[in-house]
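Here the structure is laid out as structure tokens; the discussion comes afterwards.
Here is the naming used below: chain letters follow the sequence lines, and residue numbers restart at 1 for every chain.
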Protein chains: 2
Amino acid sequence: MTLTFEDFQPGHFGTFGPRHVTREEIIAFAAEYDPQPMHLDEEAAKRSMLQGLAASGWHLCSIMMRMLYDGFLHRAASMGGPGMDELNWVAPLRPGDDITLDITVLEARASKNRPQLGIVTFRAKILNASGQVLLDAKWPAMFQRRDALPKT
Amino acid sequence: MTLTFEDFQPGHFGTFGPRHVTREEIIAFAAEYDPQPMHLDEEAAKRSMLQGLAASGWHLCSIMMRMLYDGFLHRAASMGGPGMDELNWVAPLRPGDDITLDITVLEARASKNRPQLGIVTFRAKILNASGQVLLDAKWPAMFQRRDALPKT
């Protein structure tokens, strides 16, 4: 059953994961996209403001995207989104962390210009196994309305 | 010469790149972090709102991070940043695009709580070779002040 705009009602939507994050993937992402020493090298990281090896914030965002996809976007009539309203890296993602993604729908409204679409505003929090918030974000996303789905 | 807070004055800071983005890297990133059909498969992408294969927005952010690093962060006394104030995906990043990163300093101010730090607010735009804006973002970043650098 494809998720459409009508399936996103204000309130808690779901909790996804946990996902285990390894040292190897933190270093692999950093080597390609964010080779600052605190994301690559344990000794340098200890001397940094992160006080130990931690993932790039963009790695955490990318992992969030994959958790959104695996959690529900893979079966949703998603039409993408224009950007992020809020994006906060609250605490470091550490090697070995098991993280969960908690999704709340803040608002769901019909598109004024495109009657086949609705706009859903999400709040996401990523937490580690201790319940510490690592990332807090808010963004609008577009979904097809059920009436606009191709008939199968 | 290490760049410190004092080196970031309001105004245009620099233009970095161009960086060539291949179909292979768009698909590799999508396969790992954002396997929505419009980022993976040309035929599915043609039927999507992107009207052809395009990179994940998170891939574009990750490439921006690498361009920031290669452009100037690798030689800056960077102390990271808490998140993004604005992040807008304006137009799709396509296979074969050559992109440039344009950086402006909007504001530079001393930290109230930490006299060894200053906070620089950046505006970034990523443009393709036609001058079309693909990404527009704004964020605060912390840098050490020159007086706080370790004496070498």
Go through the atoms of Ala91(A) and report whether side chain, backbone, both or neither lie under 4.5 Å from a heavy atom of chain B.
neither
One should read off an interatomic distance between Ile63(B) CD1 and Asp34(A) CG, to the nearest 0.5 angstrom, of 13.5 Å
Are Leu127(A) and Ile99(A) linked, directly or through intermediate hydrophobic residues, by side-chain heavy-atom contacts shorter than 4.5 Å (ILVMFWY only)?
no
If you count heavy atoms of other groups shown closer than 6.0 angstrom to CZ of Arg146(A), is the number above 12?
yes
Ranked by heavy-atom pairs below 4.5 Å to chain B, first place among His74(A), His59(A), Met67(A), Glu86(A) goes to His59(A)
Are Leu50(A) and Ile27(A) connected, step by step, through hydrophobic side chains (Ile, Leu, Val, Met, Phe, Trp, Tyr) whose heavy atoms are closer than 4.5 Å?
no
Once the angle between the rings of Trp58(B) and Trp58(A) is folded into 0 to 90°, is it parallel (under 30°), tilted (30 to 60°) or perpendicular (over 60°)?
tilted
Hydrophobic clusters here meaning ILVMFWY residues chained together by side-chain heavy-atom distances under 4.5 Å, can you tell me if Phe16(A) and Leu60(A) are in one?
yes
By a 4.5 Å heavy-atom criterion (distance strictly below it), what part of Asp136(B) contacts chain A: side chain, backbone, both, or neither?
neither
For residues Ile126(B) and Val105(B): do they belong to one hydrophobic cluster (side chain heavy atoms under 4.5 Å, members Ile, Leu, Val, Met, Phe, Trp, Tyr)?
yes
Which region of Ala54(B), side chain (C-beta onward) or backbone (N, CA, C, O), has a non-hydrogen atom less than 4.5 Å from a non-hydrogen atom of chain A, or is it both or neither?
neither
Taking Met49(A) as the fixed residue, which of Met79(B), Met142(B), Gln144(B) is the one that meets the side chain to side chain contact (heavy atoms under 4.5 Å, CB included) rule?
Met79(B)
Given heavy-atom pairs under 4.5 angstrom as the criterion, report whether the side chain, backbone, both or neither of Met64(A) touches chain B.
side chain
So CE of Met65(B) and SG of Cys61(A): to nearest 0.5 Å the spacing works out to 12.0 Å
Met38(A) CE to Ser78(B) OG distance, which is reported to the nearest 0.5 Å
5.5 Å
So, the part of Asp70(A) with a heavy atom under 4.5 Å from chain B: the answer is neither
Is the backbone N or O of Ala31(A) less than 3.5 Å from a side-chain atom of Arg66(B), with the two atoms forming a donor-acceptor pair by type?
yes
To the nearest 0.5 Å, what is the distance between CE on Met84(A) and CG on Asp85(B)?
13.0 Å
Ranking Leu68(B), Val90(B), Leu87(B), Leu135(B) by heavy-atom pairs under 4.5 Å to chain A gives rank one to Leu87(B)
Under 6.0 Å from the CD atom of Gln51(A), do we count more than 12 heavy atoms belonging to anything else shown?
no
Quick check on the hydrophobic clustering: are Ile119(B) and Phe13(B) connected, directly or via other members, by side-chain heavy-atom contacts under 4.5 Å?
no
Minimum heavy-atom distance between Trp89(B) and Gly81(A), given as atom pair plus value:
CE3-O, 3.9 Å
Among Gly83(A), Gly57(A), Pro35(A), which residue has the highest count of heavy-atom pairs closer than 4.5 Å to chain B?
Pro35(A)
